[in-house]
Number of protein chains: 6
Amino acid sequence: MRKVYFNGKMIPENQAKISIYDSALMFGDMVFEMTRSFNQEQFKLVEHIERLYAGLKILEIPIAMTQDEMLSACYETIDANSDFFEDGDEHRLMIDVSRGLLGIYQGIEGIESGPNVIIADFPLKWTVSSMGKLFDTGINVVIPSQRVIPSRYLDPKIKNRSRIHYLMANIEISKYEGNNNWALMLDEDGFVAEGTGDNFFLVKNGEVITPEPRNILRGISRDYVLQELCPQLNINATEKNIEPYDVYNADEAFITGTPFSMLPVTSINGLPIGNGQVGGIFSKILAQWSLNVGLDIEAQIKSWQGANTSNGPTPYKFK
Amino acid sequence: MRKVYFNGKMIPENQAKISIYDSALMFGDMVFEMTRSFNQEQFKLVEHIERLYAGLKILEIPIAMTQDEMLSACYETIDANSDFFEDGDEHRLMIDVSRGLLGIYQGIEGIESGPNVIIADFPLKWTVSSMGKLFDTGINVVIPSQRVIPSRYLDPKIKNRSRIHYLMANIEISKYEGNNNWALMLDEDGFVAEGTGDNFFLVKNGEVITPEPRNILRGISRDYVLQELCPQLNINATEKNIEPYDVYNADEAFITGTPFSMLPVTSINGLPIGNGQVGGIFSKILAQWSLNVGLDIEAQIKSWQGANTSNGPTPYKFK
Amino acid sequence: MRKVYFNGKMIPENQAKISIYDSALMFGDMVFEMTRSFNQEQFKLVEHIERLYAGLKILEIPIAMTQDEMLSACYETIDANSDFFEDGDEHRLMIDVSRGLLGIYQGIEGIESGPNVIIADFPLKWTVSSMGKLFDTGINVVIPSQRVIPSRYLDPKIKNRSRIHYLMANIEISKYEGNNNWALMLDEDGFVAEGTGDNFFLVKNGEVITPEPRNILRGISRDYVLQELCPQLNINATEKNIEPYDVYNADEAFITGTPFSMLPVTSINGLPIGNGQVGGIFSKILAQWSLNVGLDIEAQIKSWQGANTSNGPTPYKFK
Amino acid sequence: MRKVYFNGKMIPENQAKISIYDSALMFGDMVFEMTRSFNQEQFKLVEHIERLYAGLKILEIPIAMTQDEMLSACYETIDANSDFFEDGDEHRLMIDVSRGLLGIYQGIEGIESGPNVIIADFPLKWTVSSMGKLFDTGINVVIPSQRVIPSRYLDPKIKNRSRIHYLMANIEISKYEGNNNWALMLDEDGFVAEGTGDNFFLVKNGEVITPEPRNILRGISRDYVLQELCPQLNINATEKNIEPYDVYNADEAFITGTPFSMLPVTSINGLPIGNGQVGGIFSKILAQWSLNVGLDIEAQIKSWQGANTSNGPTPYKFK
Amino acid sequence: MRKVYFNGKMIPENQAKISIYDSALMFGDMVFEMTRSFNQEQFKLVEHIERLYAGLKILEIPIAMTQDEMLSACYETIDANSDFFEDGDEHRLMIDVSRGLLGIYQGIEGIESGPNVIIADFPLKWTVSSMGKLFDTGINVVIPSQRVIPSRYLDPKIKNRSRIHYLMANIEISKYEGNNNWALMLDEDGFVAEGTGDNFFLVKNGEVITPEPRNILRGISRDYVLQELCPQLNINATEKNIEPYDVYNADEAFITGTPFSMLPVTSINGLPIGNGQVGGIFSKILAQWSLNVGLDIEAQIKSWQGANTSNGPTPYKFK
Amino acid sequence: MRKVYFNGKMIPENQAKISIYDSALMFGDMVFEMTRSFNQEQFKLVEHIERLYAGLKILEIPIAMTQDEMLSACYETIDANSDFFEDGDEHRLMIDVSRGLLGIYQGIEGIESGPNVIIADFPLKWTVSSMGKLFDTGINVVIPSQRVIPSRYLDPKIKNRSRIHYLMANIEISKYEGNNNWALMLDEDGFVAEGTGDNFFLVKNGEVITPEPRNILRGISRDYVLQELCPQLNINATEKNIEPYDVYNADEAFITGTPFSMLPVTSINGLPIGNGQVGGIFSKILAQWSLNVGLDIEAQIKSWQGANTSNGPTPYKFK
């Protein structure tokens with residue numbers, strides 16, 4: 001069975017559990033990261049860990065590990081799991097840090113006080129196995145009634161577990177007619193913010209545009225597109241306030257997210273974006289990404305289609 | 001060791017844990033209740049369970065148990081723990097319901113899919129042992145920079161675990177000079193909302209006033225004061241928008257919460273409310289409550305002072 | 001062919017048209033009312049006309065007719081149409097008042113300058129013929145992403161034609177799965193406002209509650225329920241800020257609107273309200289209304305079912 | 001008499017009318033454009049039609065015509081009217097598209113179901129004949145109490161007829177002392193948005209600045225100034241949030257609009273902008289525009305002064 | 001020459017001055033009250049002083065005087081001025097309390113450190129001499145673009161000197177056409193708040209309604225009307241959110257303020273309220289007030305008309 | 001004794017006072033500037049005077065003096081005070097302009113009607129004498145509950161005296177534990193605005209970033225850093241919306257203000273910014289500033305430490 005790093009020990013995946021008295025379960029008081037590998041090589045792991053520590057600092061969770069130690073722990077976890085991964089599998093790490101037991105529970109025998117550091121290693125394919133076809137059809141983004149929480153109340157830039165509203169948005173969108181519907185949430189001003197686990201981009205007149213980094217998680221994939229891939233391709237890329245009007249009138253659109261890198265968005269609320277097909281700039285950027293990491297991202301995900309139906313878990317649901 | 005009800009089984013308290021792949025830990029996706037007994041008799045347990053089910057319905061968590069079965073499970077849990085409680089101890093129940101494993105994790109051997117129903121029974125005294133003196137000095141409420149999340153984004157009336165902002169408010173207030181500081185949070189309009197685990201009341205010209213039930217948890221203790229105790233005492237009690245100005249000019253103030261029932265508030269931001277003493281109406285209502293439940297609430301809490309220092313856990317912190 | 005009152009003349013219904021240069025078409029600058037009869041007797045016609053004139057005053061549309069003259073014109077219109085109505089038909093009046101031609105167009109030969117007063121008489125049955133079954137199943141209200149415009153920007157209490165956002169809400173809801181979906185719009189604070197042509201009520205603990213009259217049209221049927229029917233039945237009825245949470249936890253719910261008087265609401269976003277059945281208080285109020293006007297409102301609408309399929313227009317769409 | 005294109009036919013201008021049952025009159029549900037010619041040559045007609053179709057798409061009005069067919073229809077309309085225009089007249093086209101009859105009215109004999117496409121051709125001079133002197137005096141912009149509707153409620157970028165609030169702003173400003181007062185509306189944040197039919201610009205330190213394109217109609221003339229004229233003249237031109245403070249401290253200001261191209265703004269709320277005179281950059285840009293289109297825009301408008309007094313309609317009112 | 005109480009001394013009125021280094025001039029950091037007499041008897045002086053001290057407490061101005069000492073100081077001031085008042089004059093007291101010198105200026109020789117307590121006694125007639133005719137014509141309230149500052153930023157319930165926005169509203173309204181225009185300010189939600197020195201009331205169906213006490217100064221005259229005069233006359237009086245729509249449709253309206261007690265409001269933005277005449281309920285309440293204080297308030301103010309033209313100061317301007 | 005310019009005359013500093021009837025004390029209706037010298041040379045005096053006149057214009061204070069005359073008056077004031085300054089002292093000018101007496105007070109003998117123009121000259125050292133150590137330790141900025149007033153209600157860009165909320169923020173922060181706490185205020189959106197007398201900057205990846213110039217005073221020192229010092233040093237400097245998240249994650253931070261030029265910010269809410277030390281870019285910019293003005297700014301302020309303890313006023317408090 002896969003192993004999970006838990007405060008320095010490797011334990012079986014199904015024993016990786018958190019006490020009901022942990023602040024993580026009392027207050028959603030946990031910071032986390034999700035990473036992935038390309039060809040078994042972790043991608044931007046240092047950047048993920050930096051973002052993790054930014055959240056820990058602001059929430060004042062008194063973690064003892066340094067960022068370097070965290071990095072080492074990640075690699076240890078991957079090593080400990082190598083036997084449980086098939087050839088060609090990619091490692092999706094989930095790093096969780098909770099504050100630990102609230103004060104009054106700290107005397108209970110047999111529960112570690114915390115903070116708790118947990119690193120789980122999971123085959124990426126099960127996360128994305130149902131997404132292959134989306135590279136051809138694209139996603140239909142739907143604007144739910146549920147808005148993102150403005151950052152002054154609860155900052156989405158801190159990647160934390162108090163985020164039931166993302167789940168609520170997903171439930172709402174599941175009631176829409178049609179397939180391939182993904183939620184695209186607006187902020188209080190009516191600006192496009194983000195999906196419930198992804199960042200949004202549009203393309204207009206050859207320029208790549210993504211929402212200002214205010215009411216969103218500043219995704220690592222988002223930064224990679226903005227700051228590395230687009231410059232590499234001489235594509236102008238900027239952050240701007242985007243309204244639904246701009247999406248309706250875009251030439252193309254796409255989303256980014258760690259598990260799938262990029263997916264095309266071909267319609268909004270059922271109305272086509274551009275010509276309703278996967279866009280050329282999307283394809284160009286994805287190709288560059290594939291080139292940079294040395295594997296065909298789209299082909300790999302398509303190759304995993306159905307992976308889960310026989311003996312794996314059920315497909316991706318409510319990201 | 002104390003036992004915890006976990007999906008129909010009684011397990012040791014330190015084994016009551018939730019998988020890291022549970023929606024509760026992924027999204028703060030858990031509904032809960034905290035109840036207490038007076039003289040070992042659960043107080044308003046039915047009302048707590050009704051509120052729990054209201055939250056489950058809106059979040060669409062597909063629980064199979066009926067409200068009656070939940071009630072029975074609570075009593076079973078208390079029975080299973082009676083040997084672990086000292087005489088005079090009161091039973092504080094914590095009922096947790098999580099949606100369970102997200103789809104892609106449902107195939108992992110040895111983790112229940114959920115929904116998960118958990119009932120823990122904990123000696124109330126450790127929750128309140130440090131509060132005895134507050135019945136004499138009163139609390140100083142401090143208004144933090146952190147505002148409550150407006151209910152249209154994430155409804156506080158659903159008692160759920162996506163609530164790290166309460167913890168942030170507590171951390172902020174811990175940096176103020178002085179003792180007995182408790183956070184009193186405002187809403188977006190600048191109206192008084194609630195504490196980070198309690199409801200607020202003021203008294204003006206003999207009338208008891210509490211914030212409108214919009215951006216708050218509608219506490220069971222709050223309802224008891226409004227709808228039963230005040231009418232019993234012929235005290236006029238109403239819900240109204242309250243501003244800090246009104247608190248500064250109140251005759252008295254107090255808070256309510258399940259663990260301690262009621263506590264006096266004698267100052268705001270360091271400035272006295274009324275004459276800065278525990279108020280007469282507060283005392284009258286608390287006396288009636290004590291009468292109704294057949295024990296002296298204040299005396300009981302004072303009797304527990306220091307209970308924890310010798311062999312129990314550390315005192316109440318960050319409610 | 002039916003006749004339409006047009007600035008004092010009776011013209012054929014298909015000639016009742018407005019110049020493209022009229023302020024009504026330039027700016028949505030038209031105030032209107034919809035009324036109906038019970039047993040060919042107009043209901044609350046005076047109240048409708050008063051509301052019409054309140055809007056005309058605030059928009060400063062310089063109408064020359066008095067309210068009494070307007071009343072007479074309504075009756076003339078009904079008389080002129082009596083031959084074109086079948087036995088048992090009810091008269092639905094639509095009263096439109098536009099400012100008329102903008103200045104630069106006032107010289108064009110053959111177009112009246114305005115203000116224009118138009119009264120059309122239309123068989124009510126075609127408006128409601130498809131609604132009979134809703135008295136049994138109830139409506140499912142769905143909360144769209146589209147919010148009502150706050151009254152400080154454009155006051156919905158002025159019944160005017162600048163209201164494309166109602167139509168947008170209807171289009172949005174038409175994409176939800178299921179039947180009998182009607183939009184229930186929220187305001188900027190997340191309070192329930194109104195449907196796209198109806199007012200909302202809930203019932204809780206025997207009390208009838210409807211949103212505060214701020215961001216809504218203050219419907220004549222709404223007032224009738226609040227101020228006449230409920231008092232007649234000794235039912236307590238009040239205006240209050242209502243949130244979706246309150247609707248999820250209501251015992252019953254219903255809407256009011258001139259064409260159908262009242263319709264039961266049995267679910268919200270697909271989740272049952274109360275026991276998911278038509279409520280007892282709803283039935284009681286509707287029965288009283290029927291008694292007061294001397295006809296069985298529900299039975300009459302059910303009797304019209306299919307009226308339109310043979311030779312009338314297509315059914316009610318986008319109220 | 002002038003002819004109007006109406007669903008493929010040319011009809012007399014005073015017969016160009018819309019049924020009272022059309023969605024345009026029921027909901028302000030009509031998208032439109034206003035264009036003009038310079039030397040009888042339509043200006044940016046393709047851009048106007050593109051914007052029209054952007055609105056039709058978002059409102060989901062199912063028009064059958066392609067953009068090319070619409071373009072042809074415009075030219076046909078101009079041809080059909082050439083005999084009714086004097087030498088030197090310019091053609092102002094108004095293109096209207098309505099959804100057509102609501103469902104229940106679709107069976108009425110003699111009314112086209114729609115969507116309705118209407119193109120009217122009107123002598124531009126009557127729209128602008130009173131504006132000649134404003135090129136010398138400039139306009140005094142006045143900030144009314146009426147704010148623009150935030151775009152998340154009703155998007156002004158869709159050029160539609162639900163816009164009675166523009167008219168309300170004009171009525172409000174008409175009560176101010178003085179002449180040449182035009183409304184300059186703010187948005188909810190207090191940023192300058194737009195006039196009631198024009199876009200606003202200021203000049204500061206040689207740079208041309210106009211509000212961000214959020215709560216405004218993105219005017220074709222505005223785009224022409226920003227994207228063509230300023231670059232042509234090597235003037236830096238940007239979109240920025242502008243507050244009244246910035247207008248009070250600007251060096252110059254002006255507005256743009258299709259009928260008049262550009263007009264100088266020399267004061268705000270009665271206080272001078274810059275030295276209170278028509279600005280040099282304004283004049284430079286207008287001169288370039290005149291050059292580009294091959295006629296002196298200002299002189300042409302001045303030449304039309306009084307055109308309407310003898311035999312035309314009354315002057316421009318409530319833009 | 002009239003005398004002013006200044007930190008315990010009586011000094012000539014033209015020597016009553018504040019150092020430029022006083023916090024009052026640095027930050028608008030001064031709390032104040034305006035009172036008046038009827039028949040030389042101070043009206044509600046205790047209530048005014050209570051409100052003054054509420055403000056001092058919240059601003060934490062460390063005044064040494066008790067409320068009783070303040071009361072005595074007021075009477076001393078009146079006594080000291082009795083020779084300078086004509087028969088029939090009423091005493092308008094202005095009580096000012098400033099925090100005093102900021103720290104770095106406290107060493108300057110010859111400036112008192114403060115807090116400073118100042119009581120000036122001024123003939124009321126000069127404040128109201130131009131208002132007599134308003135009892136016959138009524139006021140036209142005009143809604144300016146300037147909104148009140150929401151109380152969570154700067155609480156208007158603290159009667160303080162940081163209130164330049166009231167002056168800005170007055171300047172704005174002075175540019176409207178017509179006479180007798182007074183500003184009626186809205187709050188952020190578009191609710192009617194207050195005038196720039198008066199509270200607003202409307203009358204509808206025999207009920208007296210005034211805005212909720214949130215974004216306003218809670219006037220002493222306002223309280224007197226609500227809590228004493230209306231009950232005395234068996235008139236129902238309540239606090240409610242009021243919108244301009246409600247004012248347009250009111251039966252009557254009026255304002256209250258210490259100098260003039262009450263004035264009728266007969267129109268809003270130039271449109272008549274009710275029949276455009278002084279209202280009957282207004283007259284009834286004013287008559288009762290006159291009865292209670294033993295003088296005809298309206299007659300007294302009318303008798304002072306022109307008082308100032310010969311030898312007094314210029315009339316009331318920018319209240 | 002030092003002299004103060006008062007409407008053209010030089011009067012002793014302790015006689016520089018404002019009548020209690022002046023609009024400045026009635027409404028906080030006064031515009032002001034604070035300037036300083038370096039080596040007795042006034043810095044950016046023209047820019048300060050321009051900003052003063054921008055405020056006077058918007059508030060419509062009818063000052064008769066030209067900007068040139070104001071400049072001369074400043075120099076006259078400095079000359080008149082040269083004997084009262086020690087060698088090495090710097091001249092801090094405070095320029096105040098008030099509207100003067102409200103109308104009804106204009107006849108009182110012996111009080112100038114105004115507008116009043118006042119220029120005071122004060123040794124800068126007493127303002128900054130306690131700040132020397134802050135160049136080593138840095139400031140801890142603390143975010144208070146008090147937000148800045150949004151500029152649409154009261155524009156902070158007009159440097160005026162209605163600003164008690166700055167003082168309220170200072171009082172609030174004075175209750176925090178620790179030393180060197182300075183308030184850093186947020187705006188309504190949760191963006192960092194400004195201190196209570198200073199502008200905020202952060203440094204990230206070598207770039208200097210300061211809040212957009214919306215809800216702040218646009219400081220002269222702020223402009224100098226942005227537009228002169230950073231370009232001089234080839235440091236990229238921009239205006240951007242900044243959130244607390246950005247401050248927590250900044251590399252360095254600092255504030256600017258006329259009296260002290262620049263001060264390092266080393267922590268926020270007690271958590272270190274960057275490595276918690278004074279930043280390198282801060283030091284570079286300050287060094288350049290010192291170079292430009294020909295004196296070591298930090299050394300000068302440190303040399304004044306204790307200056308006030310012997311014979312001057314108490315130190316800087318509540319800026």
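Lettering follows sequence order; numbering is per chain, from 1.
- Side chain to side chain, A:Glu13 and B:Tyr21 meet the donor-acceptor criterion of an N or O pair below 3.5 Å.
- Considering only heavy-atom pairs separated by less than 4.5 Å from chain B, the leading option among A:Ser23, A:Ala24, A:Gly28, A:Pro12 is A:Gly28.
- When heavy atoms are compared at a cutoff of 4.5 Å, B:Met26 approaches chain A by way of both its backbone and its side chain.
- Using a 4.5 Å cut-off between heavy atoms, B:Ile58 contacts chain A through both its backbone and its side chain.
- A pairwise comparison of heavy atoms in B:Lys17 and A:Lys17 identifies CB-CB, 3.4 Å as the closest pair.
- Options B:Ile111, B:Asp22, B:Leu25 differ in how many heavy-atom pairs under 4.5 Å they form with chain A, and the most are formed by B:Leu25.
- The structure places CG of A:Leu59 at 4.5 Å from CD1 of B:Ile164, a figure rounded to the nearest 0.5 Å.
- For chain A, the nearby parts of B:Asp29 are the backbone and the side chain; heavy atoms of each come within less than 4.5 Å.
- The minimum heavy-atom distance between B:Ile20 and A:Ala120, with the atom names listed, is CD1-CB, 3.8 Å.
- A distance-only check finds no donor-acceptor pair linking the side chain of B:Arg161 to the backbone of A:Phe27 [under 3.5 Å].
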Next on the checklist: Run the side chain to side chain contact (heavy atoms under 4.5 Å, CB included) test on B:Trp126 and A:Tyr105 for me, step by step, so that the C-alpha distance in whole Å, both residues' side-chain angles and the decisive distance to 0.1 Å come before the verdict.
Outcome noted: CA-CA 9 Å; B:Trp126 287 327; A:Tyr105 307 108; over 6 Å; no
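- Contact check for B:Arg2 versus A:Ile108: side-chain heavy atoms found under the 4.5 Å cut-off.
- The parts of A:Ile18 that come within reach of chain B are both its backbone and its side chain, each placing non-hydrogen atoms under 4.5 angstrom from that chain.
- In terms of non-hydrogen atom pairs under 4.5 Å with chain A, the most contact-rich of B:Gln15, B:Arg152, B:Arg147, B:Arg92 is B:Arg92.
- Here the straight-line distance linking atom CG of B:Leu102 with atom OG1 of A:Thr127 works out to 10.5 Å at 0.5 Å rounding.
- Checking side-chain atoms of B:Gln146 against main-chain N and O of A:Tyr153 turns up a donor-acceptor pair under 3.5 Å.
- Residue contact with chain A, scored on non-hydrogen atoms closer than 4.5 Å, involves the backbone and the side chain of B:Ile149 alike.
- Of all residues in residues 185-195 of chain A, those placing a non-hydrogen atom less than 4.5 angstrom from a non-hydrogen atom of chain B are A:Glu188.
- Closest approach of B:Glu109 to A:Asn14, counting heavy atoms only: O-ND2, 2.8 Å.
- Taking CG of B:Asp155 as the start and NE2 of A:His165 as the end, the distance is 13.5 Å to the nearest 0.5 Å.
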